[in-house]
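A quick write-up on the structure given underneath.
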There are 2 protein chains.
Amino acid sequence: MEREISQAVIRRMPRYYRYLEELLNENIERISSGDLSKRMNVTASQIRQDLNNFGGFGQQGYGYNVQYLHDEIGKILGLNRQHNLILVGSGNLGQAIANYVHFSKMNFDMVGLFDSNPDLKGKKVGPLSVMHMNELPEFLKTHEVDIAVLTIPKENAVSVCNELVSLGIKGIWNFAHVDLPVPEDVKVENVHLSDSLMQLSYQMS
Amino acid sequence: MEREISQAVIRRMPRYYRYLEELLNENIERISSGDLSKRMNVTASQIRQDLNNFGGFGQQGYGYNVQYLHDEIGKILGLNRQHNLILVGSGNLGQAIANYVHFSKMNFDMVGLFDSNPDLKGKKVGPLSVMHMNELPEFLKTHEVDIAVLTIPKENAVSVCNELVSLGIKGIWNFAHVDLPVPEDVKVENVHLSDSLMQLSYQMS
DNA sequence: TAGATTGTTAATCGATTAACAATC
DNA sequence: TAGATTGTTAATCGATTAACAATC
(Lines give C-alpha, C1' and ligand atoms only; values in the text may rest on other atoms or scores of the structure.)
Protein backbone atom coordinates (compact mmCIF):
# COMPACT_ATOMS: atom_id res chain seq x y z
CA MET A 1 0.00 0.00 0.00
CA GLU A 2 2.07 2.88 -1.35
CA ARG A 3 1.58 6.42 -0.27
CA GLU A 4 0.17 8.67 -2.98
CA ILE A 5 2.79 10.90 -4.57
CA SER A 6 1.93 14.55 -4.21
CA GLN A 7 0.99 16.83 -7.09
CA ALA A 8 3.83 19.15 -6.17
CA VAL A 9 6.36 16.40 -6.80
CA ILE A 10 4.81 15.35 -10.09
CA ARG A 11 4.78 18.90 -11.38
CA ARG A 12 8.52 19.05 -10.82
CA MET A 13 9.41 15.81 -12.59
CA PRO A 14 9.26 17.14 -16.17
CA ARG A 15 11.60 19.93 -15.13
CA TYR A 16 14.13 17.45 -13.83
CA TYR A 17 13.80 15.58 -17.09
CA ARG A 18 14.50 18.75 -19.03
CA TYR A 19 17.65 19.54 -17.07
CA LEU A 20 18.89 16.00 -17.41
CA GLU A 21 18.48 16.22 -21.18
CA GLU A 22 20.55 19.36 -21.06
CA LEU A 23 23.26 17.58 -19.07
CA LEU A 24 23.24 14.76 -21.59
CA ASN A 25 23.76 17.27 -24.39
CA GLU A 26 26.72 18.65 -22.49
CA ASN A 27 28.12 15.12 -22.18
CA ILE A 28 28.08 15.28 -18.41
CA GLU A 29 28.14 11.76 -17.05
CA ARG A 30 27.29 12.17 -13.40
CA ILE A 31 25.89 14.87 -11.17
CA SER A 32 25.32 15.32 -7.46
CA SER A 33 22.13 16.65 -6.00
CA GLY A 34 24.19 19.63 -4.84
CA ASP A 35 25.38 20.58 -8.31
CA LEU A 36 21.99 19.98 -9.86
CA SER A 37 20.39 22.11 -7.17
CA LYS A 38 22.61 25.05 -8.16
CA ARG A 39 21.64 24.72 -11.81
CA MET A 40 17.96 24.41 -11.09
CA ASN A 41 17.71 26.85 -8.23
CA VAL A 42 16.11 24.44 -5.80
CA THR A 43 17.48 22.78 -2.68
CA ALA A 44 19.51 19.59 -2.91
CA SER A 45 17.28 18.21 -0.22
CA GLN A 46 14.22 18.65 -2.37
CA ILE A 47 15.82 16.87 -5.29
CA ARG A 48 16.76 13.88 -3.15
CA GLN A 49 13.35 13.78 -1.49
CA ASP A 50 11.55 14.01 -4.82
CA LEU A 51 13.56 11.25 -6.45
CA ASN A 52 13.28 8.96 -3.46
CA ASN A 53 9.53 8.92 -3.90
CA PHE A 54 10.21 6.62 -6.82
CA GLY A 55 13.31 4.77 -5.70
CA GLY A 56 16.99 5.19 -4.95
CA PHE A 57 18.57 6.23 -8.22
CA GLY A 58 21.85 7.51 -6.80
CA GLN A 59 24.93 6.16 -5.15
CA GLN A 60 26.60 7.46 -2.01
CA GLY A 61 29.82 9.28 -2.69
CA TYR A 62 29.13 9.34 -6.43
CA GLY A 63 25.87 11.12 -7.08
CA TYR A 64 23.55 10.28 -9.95
CA ASN A 65 24.40 8.85 -13.33
CA VAL A 66 22.84 11.31 -15.74
CA GLN A 67 21.85 8.87 -18.46
CA TYR A 68 20.36 6.40 -15.99
CA LEU A 69 18.43 9.02 -14.05
CA HIS A 70 17.18 10.58 -17.27
CA ASP A 71 15.86 7.25 -18.49
CA GLU A 72 14.29 6.36 -15.16
CA ILE A 73 12.42 9.66 -14.97
CA GLY A 74 11.33 9.08 -18.55
CA LYS A 75 9.84 5.76 -17.49
CA ILE A 76 8.15 7.34 -14.47
CA LEU A 77 6.54 9.88 -16.78
CA GLY A 78 5.46 7.11 -19.14
CA LEU A 79 7.55 8.44 -22.01
CA ASN A 80 8.72 4.96 -22.92
CA ARG A 81 5.20 3.95 -23.88
CA GLN A 82 3.63 4.93 -27.18
CA HIS A 83 0.77 7.44 -26.94
CA ASN A 84 -1.71 7.93 -29.73
CA LEU A 85 -3.46 11.28 -29.77
CA ILE A 86 -6.40 12.74 -31.60
CA LEU A 87 -7.15 16.40 -31.97
CA VAL A 88 -10.69 17.49 -31.27
CA GLY A 89 -11.09 21.02 -32.54
CA SER A 90 -8.90 21.81 -35.54
CA GLY A 91 -8.87 25.59 -35.41
CA ASN A 92 -5.80 27.76 -35.16
CA LEU A 93 -4.65 26.54 -31.80
CA GLY A 94 -5.47 22.92 -32.56
CA GLN A 95 -3.48 22.96 -35.76
CA ALA A 96 -0.52 24.50 -34.00
CA ILE A 97 -0.65 21.80 -31.32
CA ALA A 98 -0.94 19.09 -33.97
CA ASN A 99 2.23 20.29 -35.64
CA TYR A 100 3.92 20.78 -32.33
CA VAL A 101 3.19 17.29 -31.06
CA HIS A 102 4.49 15.79 -34.27
CA PHE A 103 7.82 17.50 -34.24
CA SER A 104 8.64 17.85 -30.60
CA LYS A 105 8.11 14.57 -28.85
CA MET A 106 8.48 11.18 -30.36
CA ASN A 107 6.27 8.57 -28.70
CA PHE A 108 3.39 11.04 -28.83
CA ASP A 109 1.78 10.42 -32.15
CA MET A 110 -1.06 12.46 -33.58
CA VAL A 111 -3.26 10.02 -35.46
CA GLY A 112 -6.47 11.88 -36.23
CA LEU A 113 -7.85 15.41 -36.54
CA PHE A 114 -11.49 16.29 -36.01
CA ASP A 115 -13.70 19.33 -36.18
CA SER A 116 -17.42 19.97 -36.17
CA ASN A 117 -17.10 22.60 -38.88
CA PRO A 118 -17.81 20.94 -42.26
CA ASP A 119 -15.75 23.62 -44.03
CA LEU A 120 -12.60 22.28 -42.41
CA LYS A 121 -13.24 18.74 -43.54
CA GLY A 122 -10.42 17.45 -45.71
CA LYS A 123 -8.04 20.26 -44.79
CA LYS A 124 -4.45 19.02 -44.62
CA VAL A 125 -2.51 19.68 -41.43
CA GLY A 126 0.90 18.10 -41.68
CA PRO A 127 0.43 14.53 -42.88
CA LEU A 128 -3.22 14.28 -41.77
CA SER A 129 -6.48 15.71 -42.99
CA VAL A 130 -9.31 16.93 -40.83
CA MET A 131 -12.33 14.65 -40.41
CA HIS A 132 -15.81 15.60 -39.33
CA MET A 133 -16.81 14.95 -35.75
CA ASN A 134 -19.43 12.45 -36.86
CA GLU A 135 -16.63 10.21 -38.14
CA LEU A 136 -15.16 10.04 -34.65
CA PRO A 137 -17.06 7.04 -33.21
CA GLU A 138 -16.13 4.86 -36.18
CA PHE A 139 -12.53 6.05 -36.00
CA LEU A 140 -12.22 5.13 -32.34
CA LYS A 141 -13.56 1.66 -33.04
CA THR A 142 -10.77 1.00 -35.51
CA HIS A 143 -7.87 2.89 -33.90
CA GLU A 144 -6.29 2.75 -30.50
CA VAL A 145 -6.30 6.25 -29.06
CA ASP A 146 -5.02 7.20 -25.61
CA ILE A 147 -5.40 10.93 -25.45
CA ALA A 148 -7.78 13.48 -26.91
CA VAL A 149 -6.51 17.03 -27.25
CA LEU A 150 -9.46 19.29 -26.69
CA THR A 151 -9.07 22.63 -28.45
CA ILE A 152 -12.62 23.86 -28.83
CA PRO A 153 -14.54 26.83 -27.40
CA LYS A 154 -15.68 26.41 -23.82
CA GLU A 155 -19.35 26.41 -24.80
CA ASN A 156 -19.18 22.90 -26.28
CA ALA A 157 -16.34 21.53 -24.21
CA VAL A 158 -18.37 19.72 -21.57
CA SER A 159 -20.68 17.97 -24.00
CA VAL A 160 -17.86 16.97 -26.33
CA CYS A 161 -15.91 15.76 -23.33
CA ASN A 162 -18.83 13.60 -22.30
CA GLU A 163 -18.94 12.14 -25.77
CA LEU A 164 -15.23 11.36 -25.69
CA VAL A 165 -15.57 9.68 -22.32
CA SER A 166 -18.52 7.61 -23.50
CA LEU A 167 -16.41 6.49 -26.45
CA GLY A 168 -13.76 5.22 -24.07
CA ILE A 169 -11.10 7.97 -24.09
CA LYS A 170 -9.07 7.87 -20.85
CA GLY A 171 -6.95 10.98 -21.16
CA ILE A 172 -7.87 14.53 -22.09
CA TRP A 173 -5.46 17.38 -22.66
CA ASN A 174 -7.86 20.24 -22.16
CA PHE A 175 -7.27 23.67 -23.65
CA ALA A 176 -10.88 24.84 -23.17
CA HIS A 177 -11.54 27.34 -20.39
CA VAL A 178 -13.72 25.14 -18.30
CA ASP A 179 -13.27 22.45 -15.72
CA LEU A 180 -14.34 19.12 -17.15
CA PRO A 181 -16.30 16.74 -14.94
CA VAL A 182 -15.08 13.22 -15.68
CA PRO A 183 -15.19 9.81 -13.99
CA GLU A 184 -12.25 8.81 -11.81
CA ASP A 185 -10.56 6.63 -14.40
CA VAL A 186 -10.35 9.46 -16.91
CA LYS A 187 -7.45 11.86 -16.45
CA VAL A 188 -7.63 15.51 -17.42
CA GLU A 189 -4.69 17.85 -17.70
CA ASN A 190 -5.65 21.47 -18.15
CA VAL A 191 -3.84 24.17 -20.09
CA HIS A 192 -5.76 27.29 -19.22
CA LEU A 193 -3.98 29.90 -21.30
CA SER A 194 -6.08 32.80 -20.11
CA ASP A 195 -5.46 31.85 -16.49
CA SER A 196 -1.77 31.92 -17.23
CA LEU A 197 -1.98 35.32 -18.88
CA MET A 198 -3.93 36.66 -15.91
CA GLN A 199 -1.25 35.44 -13.55
CA LEU A 200 1.35 37.31 -15.55
CA SER A 201 -0.83 40.38 -15.49
CA TYR A 202 -1.10 40.09 -11.70
CA GLN A 203 2.66 39.75 -11.24
CA MET A 204 3.18 42.92 -13.23
CA SER A 205 0.77 45.11 -11.26
CA MET B 1 4.67 46.18 5.24
CA GLU B 2 2.30 43.66 3.73
CA ARG B 3 2.92 39.96 3.80
CA GLU B 4 3.67 38.48 0.38
CA ILE B 5 0.72 36.64 -1.11
CA SER B 6 1.53 33.02 -1.84
CA GLN B 7 1.78 31.57 -5.33
CA ALA B 8 -0.86 29.00 -4.43
CA VAL B 9 -3.40 31.75 -3.81
CA ILE B 10 -2.55 33.62 -6.99
CA ARG B 11 -2.89 30.50 -9.09
CA ARG B 12 -6.44 30.11 -7.80
CA MET B 13 -7.59 33.66 -8.49
CA PRO B 14 -8.22 33.26 -12.25
CA ARG B 15 -10.35 30.25 -11.46
CA TYR B 16 -12.52 32.26 -9.08
CA TYR B 17 -12.81 34.88 -11.77
CA ARG B 18 -13.98 32.28 -14.24
CA TYR B 19 -16.68 30.93 -11.91
CA LEU B 20 -17.87 34.43 -11.10
CA GLU B 21 -18.27 35.14 -14.81
CA GLU B 22 -20.37 32.01 -15.03
CA LEU B 23 -22.54 33.17 -12.14
CA LEU B 24 -22.98 36.53 -13.84
CA ASN B 25 -24.13 34.75 -16.99
CA GLU B 26 -26.65 32.87 -14.91
CA ASN B 27 -27.88 36.18 -13.46
CA ILE B 28 -27.05 35.12 -9.93
CA GLU B 29 -26.72 38.20 -7.79
CA ARG B 30 -25.14 36.91 -4.62
CA ILE B 31 -23.38 33.80 -3.44
CA SER B 32 -22.07 32.47 -0.16
CA SER B 33 -18.65 30.90 0.21
CA GLY B 34 -20.47 27.68 1.01
CA ASP B 35 -22.42 27.59 -2.25
CA LEU B 36 -19.41 28.63 -4.29
CA SER B 37 -17.33 25.95 -2.61
CA LYS B 38 -19.79 23.30 -3.79
CA ARG B 39 -19.61 24.51 -7.38
CA MET B 40 -15.85 24.74 -7.40
CA ASN B 41 -15.07 21.69 -5.34
CA VAL B 42 -12.95 23.46 -2.78
CA THR B 43 -13.58 24.27 0.89
CA ALA B 44 -15.51 27.37 1.85
CA SER B 45 -12.73 28.10 4.28
CA GLN B 46 -10.21 28.28 1.49
CA ILE B 47 -12.35 30.68 -0.50
CA ARG B 48 -12.72 33.03 2.44
CA GLN B 49 -9.04 32.82 3.32
CA ASP B 50 -7.99 33.45 -0.26
CA LEU B 51 -10.22 36.47 -0.72
CA ASN B 52 -9.26 37.97 2.62
CA ASN B 53 -5.69 38.21 1.43
CA PHE B 54 -6.91 41.13 -0.63
CA GLY B 55 -9.66 42.57 1.53
CA GLY B 56 -13.10 41.90 2.90
CA PHE B 57 -15.37 41.64 -0.10
CA GLY B 58 -18.29 39.96 1.61
CA GLN B 59 -20.92 40.77 4.15
CA GLN B 60 -21.93 38.73 7.17
CA GLY B 61 -25.28 37.05 6.76
CA TYR B 62 -25.39 37.90 3.05
CA GLY B 63 -22.39 36.43 1.31
CA TYR B 64 -20.69 38.02 -1.68
CA ASN B 65 -22.20 40.20 -4.33
CA VAL B 66 -21.27 38.45 -7.55
CA GLN B 67 -20.78 41.52 -9.74
CA TYR B 68 -18.77 43.33 -7.12
CA LEU B 69 -16.53 40.37 -6.32
CA HIS B 70 -16.03 39.68 -10.01
CA ASP B 71 -14.90 43.24 -10.63
CA GLU B 72 -12.64 43.33 -7.60
CA ILE B 73 -10.87 40.13 -8.60
CA GLY B 74 -10.54 41.58 -12.09
CA LYS B 75 -8.77 44.59 -10.60
CA ILE B 76 -6.54 42.38 -8.48
CA LEU B 77 -5.51 40.51 -11.62
CA GLY B 78 -4.87 43.79 -13.39
CA LEU B 79 -7.57 43.16 -15.99
CA ASN B 80 -8.82 46.74 -15.75
CA ARG B 81 -5.55 48.05 -17.16
CA GLN B 82 -4.73 47.94 -20.85
CA HIS B 83 -1.94 45.54 -21.84
CA ASN B 84 -0.12 45.83 -25.13
CA LEU B 85 1.50 42.64 -26.36
CA ILE B 86 3.95 41.75 -29.06
CA LEU B 87 4.50 38.32 -30.48
CA VAL B 88 8.08 37.18 -30.82
CA GLY B 89 8.12 34.09 -32.98
CA SER B 90 5.33 34.01 -35.55
CA GLY B 91 5.23 30.31 -36.35
CA ASN B 92 2.22 28.05 -35.99
CA LEU B 93 1.84 28.39 -32.26
CA GLY B 94 2.59 32.10 -32.28
CA GLN B 95 -0.04 32.80 -34.91
CA ALA B 96 -2.60 30.79 -32.98
CA ILE B 97 -1.85 32.74 -29.81
CA ALA B 98 -2.06 36.02 -31.71
CA ASN B 99 -5.53 35.19 -32.93
CA TYR B 100 -6.49 33.86 -29.56
CA VAL B 101 -5.44 36.94 -27.64
CA HIS B 102 -7.33 39.15 -30.04
CA PHE B 103 -10.61 37.41 -29.77
CA SER B 104 -10.70 36.14 -26.24
CA LYS B 105 -9.70 38.89 -23.86
CA MET B 106 -10.30 42.53 -24.39
CA ASN B 107 -7.72 44.72 -22.63
CA PHE B 108 -5.01 42.44 -23.96
CA ASP B 109 -4.12 43.91 -27.30
CA MET B 110 -1.68 42.36 -29.74
CA VAL B 111 0.13 45.27 -31.38
CA GLY B 112 3.06 43.72 -33.25
CA LEU B 113 4.25 40.41 -34.70
CA PHE B 114 7.90 39.54 -35.19
CA ASP B 115 9.94 36.70 -36.56
CA SER B 116 13.57 36.17 -37.48
CA ASN B 117 12.62 34.28 -40.63
CA PRO B 118 12.64 36.74 -43.56
CA ASP B 119 10.19 34.53 -45.45
CA LEU B 120 7.48 35.33 -42.94
CA LYS B 121 7.96 39.08 -43.26
CA GLY B 122 4.77 40.77 -44.42
CA LYS B 123 2.59 37.76 -43.73
CA LYS B 124 -0.86 38.80 -42.52
CA VAL B 125 -2.11 37.35 -39.25
CA GLY B 126 -5.45 38.83 -38.39
CA PRO B 127 -5.16 42.61 -38.76
CA LEU B 128 -1.36 42.67 -38.40
CA SER B 129 1.55 41.68 -40.59
CA VAL B 130 4.74 40.05 -39.43
CA MET B 131 7.83 42.24 -39.11
CA HIS B 132 11.43 41.13 -39.06
CA MET B 133 13.20 40.93 -35.71
CA ASN B 134 15.59 43.69 -36.70
CA GLU B 135 12.63 46.08 -36.76
CA LEU B 136 11.94 45.36 -33.11
CA PRO B 137 14.19 47.97 -31.41
CA GLU B 138 12.70 50.78 -33.48
CA PHE B 139 9.19 49.48 -32.86
CA LEU B 140 9.68 49.47 -29.11
CA LYS B 141 10.91 53.05 -29.19
CA THR B 142 7.69 54.21 -30.78
CA HIS B 143 5.16 51.89 -29.12
CA GLU B 144 4.33 51.15 -25.56
CA VAL B 145 4.55 47.41 -25.04
CA ASP B 146 3.99 45.61 -21.73
CA ILE B 147 4.31 41.96 -22.58
CA ALA B 148 6.27 39.91 -25.09
CA VAL B 149 4.85 36.52 -26.02
CA LEU B 150 7.82 34.27 -26.66
CA THR B 151 6.95 31.45 -29.08
CA ILE B 152 10.32 30.46 -30.48
CA PRO B 153 12.41 27.28 -30.25
CA LYS B 154 14.28 26.84 -27.01
CA GLU B 155 17.69 27.18 -28.70
CA ASN B 156 17.30 30.92 -29.22
CA ALA B 157 14.99 31.67 -26.33
CA VAL B 158 17.57 32.83 -23.80
CA SER B 159 19.37 35.20 -26.16
CA VAL B 160 16.13 36.67 -27.53
CA CYS B 161 14.89 37.04 -23.97
CA ASN B 162 18.05 38.97 -23.08
CA GLU B 163 17.46 41.24 -26.04
CA LEU B 164 13.86 41.87 -25.00
CA VAL B 165 14.95 42.67 -21.46
CA SER B 166 17.62 45.05 -22.69
CA LEU B 167 14.98 46.81 -24.75
CA GLY B 168 12.91 47.38 -21.62
CA ILE B 169 10.25 44.66 -21.76
CA LYS B 170 8.95 43.92 -18.26
CA GLY B 171 6.74 40.89 -18.86
CA ILE B 172 7.34 37.71 -20.81
CA TRP B 173 4.79 35.02 -21.56
CA ASN B 174 7.18 32.19 -22.28
CA PHE B 175 6.19 29.22 -24.42
CA ALA B 176 9.78 28.06 -25.00
CA HIS B 177 10.94 24.97 -23.12
CA VAL B 178 13.58 26.65 -21.05
CA ASP B 179 13.75 28.62 -17.87
CA LEU B 180 14.58 32.22 -18.63
CA PRO B 181 17.02 34.04 -16.37
CA VAL B 182 15.76 37.60 -15.94
CA PRO B 183 16.32 40.48 -13.52
CA GLU B 184 13.94 40.85 -10.60
CA ASP B 185 11.80 43.55 -12.15
CA VAL B 186 10.99 41.42 -15.19
CA LYS B 187 8.19 38.91 -14.74
CA VAL B 188 8.06 35.61 -16.59
CA GLU B 189 5.07 33.33 -16.81
CA ASN B 190 5.82 29.94 -18.32
CA VAL B 191 3.57 27.76 -20.44
CA HIS B 192 5.56 24.58 -20.79
CA LEU B 193 3.31 22.50 -23.02
CA SER B 194 5.53 19.46 -23.06
CA ASP B 195 5.72 19.48 -19.26
CA SER B 196 1.95 19.50 -19.21
CA LEU B 197 1.71 16.61 -21.66
CA MET B 198 4.21 14.63 -19.58
CA GLN B 199 2.11 15.17 -16.48
CA LEU B 200 -0.89 13.79 -18.28
CA SER B 201 1.17 10.84 -19.43
CA TYR B 202 2.24 10.22 -15.83
CA GLN B 203 -1.32 10.32 -14.54
CA MET B 204 -2.34 7.73 -17.07
CA SER B 205 0.34 5.19 -16.24
C1' DT C 1 -34.58 40.08 16.75
C1' DA C 2 -32.98 35.48 14.90
C1' DG C 3 -30.52 33.38 11.25
C1' DA C 4 -26.95 33.38 8.15
C1' DT C 5 -22.51 33.96 6.89
C1' DT C 6 -18.49 36.49 7.05
C1' DG C 7 -13.60 37.57 8.71
C1' DT C 8 -10.19 35.79 11.52
C1' DT C 9 -7.86 33.05 14.99
C1' DA C 10 -6.45 28.42 16.19
C1' DA C 11 -5.54 23.55 14.95
C1' DT C 12 -4.13 20.37 11.63
C1' DC C 13 -2.02 18.71 7.91
C1' DG C 14 1.46 18.40 4.35
C1' DA C 15 5.55 19.98 2.08
C1' DT C 16 10.12 21.75 2.40
C1' DT C 17 14.50 22.07 4.55
C1' DA C 18 18.10 20.56 7.67
C1' DA C 19 20.82 17.11 9.67
C1' DC C 20 23.26 12.99 9.81
C1' DA C 21 24.12 8.03 9.82
C1' DA C 22 24.87 4.75 6.14
C1' DT C 23 27.75 3.53 2.46
C1' DC C 24 29.93 3.77 -1.99
C1' DT D 1 41.02 4.17 3.86
C1' DA D 2 39.15 9.03 3.68
C1' DG D 3 36.01 11.90 1.30
C1' DA D 4 31.86 12.55 -0.85
C1' DT D 5 27.26 12.18 -1.24
C1' DT D 6 23.27 9.57 -0.86
C1' DG D 7 18.82 7.98 1.47
C1' DT D 8 16.12 8.95 5.28
C1' DT D 9 14.68 10.70 9.74
C1' DA D 10 13.67 14.84 12.30
C1' DA D 11 12.65 19.83 12.52
C1' DT D 12 10.64 23.69 10.44
C1' DC D 13 7.83 26.16 7.78
C1' DG D 14 3.70 27.23 5.22
C1' DA D 15 -0.83 26.14 3.55
C1' DT D 16 -5.28 24.22 4.39
C1' DT D 17 -9.09 23.30 7.26
C1' DA D 18 -11.90 23.91 11.34
C1' DA D 19 -14.04 26.68 14.66
C1' DC D 20 -16.29 30.57 16.30
C1' DA D 21 -16.99 35.36 17.73
C1' DA D 22 -18.42 39.42 15.20
C1' DT D 23 -21.96 41.43 12.63
C1' DC D 24 -25.07 42.20 8.86
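Chain letters run A, B, ... following the sequence lines, proteins first and then strands; every chain starts at 1.
Every pair tested for ring-ring contact (aromatic ring centres under 6.0 Å, His included) that includes a residue from residues 180-205 of chain B fails, sequence neighbours excluded, so the list is empty. Every pair tested for ring-ring contact (aromatic ring centres under 6.0 Å, His included) that includes a residue from residues 44-64 of chain A fails, sequence neighbours excluded, so the list is empty.
A salt bridge links B/R39 with B/E26: the closest approach of a Lys/Arg side-chain nitrogen to an acidic carboxylate oxygen falls below 4.0 angstrom. Between A/R18 and B/D195 there is a salt bridge, since at least one side-chain N of the basic residue sits less than 4.0 Å from a carboxylate O of the acidic one.
Qualifying side-chain contact (heavy atoms from CB on, under 4.5 Å) partners for A/A176, counting only residues two or more places apart in sequence or in other chains: A/A157, A/N174, A/V178. Scanning for side-chain hydrogen bond (donor to acceptor under 3.5 Å, both in side chains) contacts around A/S201 gives B/H83, with sequence neighbours left out. The side-chain hydrogen bond (donor to acceptor under 3.5 Å, both in side chains) test applied to B/D185 returns B/K170, not counting sequence neighbours. The side-chain hydrogen bond (donor to acceptor under 3.5 Å, both in side chains) search around A/K187 returns none, not counting sequence neighbours. With sequence neighbours left out, A/E29 forms a salt bridge (charged side-chain N to carboxylate O under 4.0 Å, His left out) with no residue at all.
Bounding nucleotides for the chain A contact on DNA chain C, 5' to 3', at a heavy-atom distance below 4.0 Å, are C/dA15 to C/dC24.
If you check the side chains of A/D179 and B/Y19, you find a donor sitting under 3.5 Å from an acceptor. In this structure, a donor-acceptor pair under 3.5 Å is present between the side chains of B/E189 and A/S196.
In this structure, the side chains of A/Q203 and B/Q7 come closer than 4.5 Å at one or more pairs of heavy atoms.
Both A/Q59 and A/Q7 lie close to DNA chain C; mapped to their nearest nucleotides by heavy-atom distance, the more 5′-ward contact belongs to A/Q7.
Within residues 31-45 of chain B, the residues that place at least one heavy atom under 4.0 Å from DNA chain D are, in residue-number order, B/T43, B/S45. At a non-hydrogen distance threshold of 4.0 Å, B/Y62, B/G63, B/Y64 from residues 62-69 of chain B come into contact with DNA chain C.
Taking five base pairs at each end of the helix from C/dG3-D/dC24 to C/dC24-D/dG3 and finding the rotation axis that steps the C1' atoms of four pairs onto the next four gives two axes whose angle is 10°, to the nearest 10°.
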With a cut-off of 3.5 Å and sequence neighbours excluded, list every side-chain donor-acceptor pair involving residues 42-49 of chain A.
unit_1 : atom_1 : unit_2 : atom_2 : d
A/T43  : OG1    : A/Q46  : N      : 3.1
A/R48  : NH1    : A/S33  : OG     : 2.9

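At the heavy-atom level, B/R30 lies nowhere under 4.0 Å from the strands shown.
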